[in-house]
Protein chains: 2
Amino acid sequence: MRNAEFDKEKVLRSAMNAFMNKGFANTSMQDLKKATGLHPGSIYCAFENKRGLLLAALEQYRLDRQAEFERFFSASQRTTDNLKLYLDNVVTECISCDNTQACLLTKTLNEAAEQDIEIQQVISDNLSMLQQAFAEKFEQAKKEGDISAQKDSEHLARYFLMGMYGLRTFAQTHPEPRVLKQLAEQLYQDVLR
Amino acid sequence: MRNAEFDKEKVLRSAMNAFMNKGFANTSMQDLKKATGLHPGSIYCAFENKRGLLLAALEQYRLDRQAEFERFFSASQRTTDNLKLYLDNVVTECISCDNTQACLLTKTLNEAAEQDIEIQQVISDNLSMLQQAFAEKFEQAKKEGDISAQKDSEHLARYFLMGMYGLRTFAQTHPEPRVLKQLAEQLYQDVLR
DNA sequence: TCCTTTTTTGAATGTTCGTTCAAGATACTC
DNA sequence: GAGTATCTTGAACGAACATTCAAAAAAGGA
């Protein structure tokens, strides 16, 4: 017997970053070897192939994002405040250059969408879960009286998500903090109103 | 002497579609040969290499989009009506499955951003031009009294563009016409208000 | 009609890619 | 502490890729 030496979470986060930086197709096994510290053989032993590594990285990404989501929404009593904090964090992520400025889900969706139905489905499911999570928060905010009871939480969640997608794309060409903050602020206002 | 046989615009539009469908990295020269009808040698003769073809396709895309923009904004007297028509057209594009559902600019931006500064610059410039064009239309709508004079046209243009980016991304996972139309409608309302 | 010039053609090239595999290393079991 | 099962290693593999090139074709000028 012998157990695997590497830390699976660490490896997957490294792979995540590599894929986010260069995209799936442009990330070679050599890049992945450098990023993860794993030799090709080990990657194939643990994840079957490059695509398997992407799927595992997507799952890790989901877990990380879910944990982050819950962290944000246990911060304050007021759900709308937490929404604003979440949005501000997206802006901060967009601004910080060392980070990838992109979401692995949307980035991979753009790239592997037409060609790999299973990956498309995984991403689509992940995004739906996020949307559902936001819908619940909007519902909560309605109960707290910060959002009109007549509004449709599902619609608000979709619109909010759409705004964040757009914000991330916009930031890729114009990563000016002032502008991004202004856009996020307006998105927040429009959702609240 | 001998002139080139192929129709440059047709070839570039074919290449555009190929790149939009599969992305730059995943579109092989064989794919491009099939799409354009040009043999590898001819492509290299006319565009230097695959990257040169992408640059030429991006330029053709810009010209086509610019023409489309002007067509939309010469439709009616009221600028805000034309804005709505433009937005509805985006939704229609997103829904139609045969089309690529994506914008070559944002798709390529997502893919080749980190690795090719020149292409990033070209795309960034194109999107800035589009943003500027929208800003002028918002300025016009202010003069026509459909948008409050206190609003900042530049900001509105950015927000509108951001919304369209988001809409396109959203459509990739949930291409339901009803939902997309609802999102577009809200975006339009938020910009107008 | 013939010559020149340019384009078209598609096979050949060298490179890089994802993937495999056999040998060596390592930790657990008894 | 020996045996064994599993993981690690990195060189080797074929396939696919972008690119090149020399020969063939075709169009214009004389």
Side-chain angles (χ1 to χ4, degrees), chain A residues 1-58 104 107-108 111-119 122, chain B residues 1-58 104 107-108 111-112 114-119:
Chain A
M1 256 318 180
R2 189 183 170 193
N3 295 328
E5 282 181 2
F6 61 88
D7 179 348
K8 200 165 185 175
E9 285 196 15
K10 259 190 186 169
V11 163
L12 288 179
R13 293 214 180 85
S14 307
M16 250 167 54
N17 283 325
F19 286 139
M20 280 195 279
N21 279 327
K22 302 185 74 176
F24 179 68
N26 284 321
T27 304
S28 68
M29 285 306 288
Q30 276 203 3
D31 292 332
L32 289 170
K33 180 188 165 192
K34 204 180 295 178
T36 63
L38 259 55
H39 290 251
S42 298
I43 293 179
Y44 278 79
C45 181
F47 305 104
E48 197 180 342
N49 53 23
K50 189 182 164 188
R51 181 174 173 276
L53 181 58
L54 175 64
L55 281 168
L58 282 169
L104 181 62
K107 178 127 186 166
T108 308
E111 190 179 348
E114 307 282 335
Q115 306 165 72
D116 195 320
I117 300 175
E118 187 189 349
I119 287 185
V122 167
Chain B
M1 265 305 186
R2 189 185 171 192
N3 296 327
E5 281 180 3
F6 61 88
D7 178 348
K8 200 164 186 175
E9 284 197 14
K10 260 190 186 168
V11 163
L12 288 178
R13 294 213 181 86
S14 307
M16 251 167 52
N17 283 325
F19 286 140
M20 281 194 278
N21 279 328
K22 302 186 75 175
F24 179 68
N26 282 321
T27 305
S28 68
M29 286 306 289
Q30 275 203 3
D31 292 332
L32 290 170
K33 179 188 166 191
K34 205 180 292 177
T36 63
L38 259 55
H39 291 250
S42 297
I43 293 180
Y44 278 80
C45 180
F47 305 103
E48 196 179 342
N49 53 24
K50 189 182 163 188
R51 181 174 173 276
L53 180 58
L54 174 64
L55 282 168
L58 282 169
L104 182 60
K107 178 127 188 167
T108 309
E111 190 179 348
E114 307 281 334
Q115 306 165 71
D116 195 319
I117 300 175
E118 186 189 348
I119 287 184

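Computation of the quantities below employed the complete heavy-atom set of this structure, encompassing side-chain atoms and omitting hydrogens, waters and symmetry-equivalent molecules.
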Between the protein and nucleotides 18-22 of chain D, which nitrogen or oxygen pairs come in under 3.5 angstrom?
from: D/dA18; atom 1: OP1; to: B/Thr27; atom 2: O; distance (Å): 3.3
from: D/dA18; atom 1: OP1; to: B/Lys50; atom 2: NZ; distance (Å): 2.7
from: D/dA18; atom 1: OP2; to: B/Met29; atom 2: N; distance (Å): 2.7
from: D/dT19; atom 1: OP2; to: B/Tyr44; atom 2: OH; distance (Å): 2.3
from: D/dT19; atom 1: OP2; to: B/Lys50; atom 2: N; distance (Å): 3.1
from: D/dT19; atom 1: O5'; to: B/Tyr44; atom 2: OH; distance (Å): 2.7

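Spacing between atom CG of A/Asp31 and atom C1' of C/dC17 amounts to 11 Å, rounded to whole angstrom units. Taking atom CD1 of residue A/Ile43 and atom P of nucleotide D/dC7, one finds them 15 Å apart after rounding to whole Å. Here the C1' atom of nucleotide C/dT7 and the CG atom of B/Leu38 are 10 Å apart, to the nearest Å. Distance B/Asn26 CG to D/dA16 P: 14 Å, rounded to the nearest Å. Taking atom CG of A/Asp7 as the reference point, atom P of D/dC7 lies 16 Å away to the nearest angstrom. With rounding to whole Å, B/Phe6 atom CZ is found 15 Å from D/dA26 atom C1'.
Remark: A/His39 is not in phosphate contact with D/dT8, judged by side-chain N or O atoms under 4.0 Å from OP1 or OP2.
From B/Met20, atom CE reaches atom OG1 of B/Thr108 across 8.5 Å, with rounding to the nearest 0.5 Å.
Shown here are the salt bridge (Lys or Arg N to Asp or Glu O under 4.0 Å) partners of A/Glu9, two or more places apart in sequence or in another chain: A/Arg13. Partners of B/Lys22 according to the salt bridge (Lys or Arg N to Asp or Glu O under 4.0 Å) rule, which considers only residues two or more places apart in sequence or in another chain, are B/Asp31.
Judged by the 6.0 Å and 45° rule, A/Lys50 forms a cation-pi pair with A/Phe24.
Taking every heavy atom of both residues into account, B/Leu12 and B/Ala57 meet most closely at CD2-N, 3.8 Å.
When the options B/Val11, B/Asn49, B/Leu38 are evaluated for a side chain to side chain contact (heavy atoms under 4.5 Å, CB included) with B/Ile43, the one that passes is B/Leu38.
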